Structure formats: C-alpha cells, structure tokens
Enquirer: 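Quick one: structure below, then a few questions.
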Amino acid sequence: GLPRAARLRNLQGASALAPQRTEAVRGLQVVLVDDVMTSGASLYECARTLRAHGPAGVSALVLARTGNPDGAGSHDNDAGAQPLGRGPGA
C-alpha cells in the first residue's frame with residue numbers, strides 16, 4: 001500500500017459537501033463514522049472539507065484500526081495531519 005503522505009495527496013479534494021447542506025453543518029458538532037481506519041487519510045480529507053463550512057467541531061468514531069500503514073512509528077499527527085476537531089482559525 002501507499003505511505004500515509006501519498007494517501008493524503010491522492011485524496012486531496014476528493015470529498016465535497018452537497019451545496020444544499022453547507023448551511024446545515026454550520027455551528028453543529030459533526031461525527032464521522034469509519035468502519036476500519038488504515039492511514040486516516042479519508043477521515044482527514046472529509047474533516048477538512050467539513051471544517052471549511054463552519055461546524056463547531058468535527059470528531060471521528062472508528063470501529064477498528066489497522067496497524068501503521070508505513071510500518072513504523074506512531075499515527076498521531078503524522079504527515080502534517082491535525083486533530084479532526086479543529087475548526088477554522090483554530
């Protein structure tokens with residue numbers, strides 16, 4: 001598989017919020033649900049997209065997580081990822 005940094009690059013701009021829903025998330029706490037998280041790139045991209053529309057926070061619920069896709073070290077904030085809950089200007 002691809003290293004996490006490559007996965008993040010591949011998914012950049014891959015998610016979008018339906019135009020009729022952009023106001024619906026403003027000020028809300030949003031929870032993303034993922035069945036299996038590998039690198040976290042999909043969750044990160046979805047959270048990035050949502051944060052652009054002003055929710056109060058974005059959290060993730062992950063049911064299972066695979067081992068480190070890069071083979072060593074920690075997943076925490078690697079490849080420049082930020083915690084999902086940071087909103088605009090945080």
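When a residue number appears, it is its place in the shown sequence, counting from 1. All figures in this text were calculated on a predicted structure; none of them were measured in a lab.
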Enquirer: Using the rule that Ile, Leu, Val, Met, Phe, Trp and Tyr join whenever any side-chain heavy atoms are under 4.5 Å apart, tell me whether V30 and L17 fall into a single cluster.
Expert: yes

Enquirer: Return the minimal non-hydrogen interatomic distance between G27 and A56, and the atom names on each side.
Expert: O-CB, 3.4 Å

Enquirer: For residues S15 and C46, report the shortest heavy-atom separation together with the two atoms involved.
Expert: OG-CA, 3.9 Å

Enquirer: Distance from Q12 atom CD to R48 atom CZ, nearest 0.5 Å?
Expert: 6.5 Å

Enquirer: Can you tell me how far apart CG (L63) and CG (D34) are? Round to the nearest 0.5 Å.
Expert: 8.0 Å

Enquirer: Applying side chain to side chain donor-acceptor pair (under 3.5 Å), name anything that partners T22, two or more places apart in sequence or on another chain.
Expert: none

Enquirer: Tell me the closest heavy-atom pair linking L50 and V58, and the distance in Å.
Expert: CB-CG2, 4.2 Å

Enquirer: Going from CG on L32 to CD on E45, what distance comes out if it is rounded to the nearest 0.5 angstrom?
Expert: 11.5 Å

Enquirer: If the condition is side chain to side chain donor-acceptor pair (under 3.5 Å), which residues does E23 pass it with, not counting sequence neighbours?
Expert: R26

Enquirer: Which pair of non-hydrogen atoms, one from S39 and one from R7, has the smallest distance, and what is that distance?
Expert: OG-CD, 3.1 Å

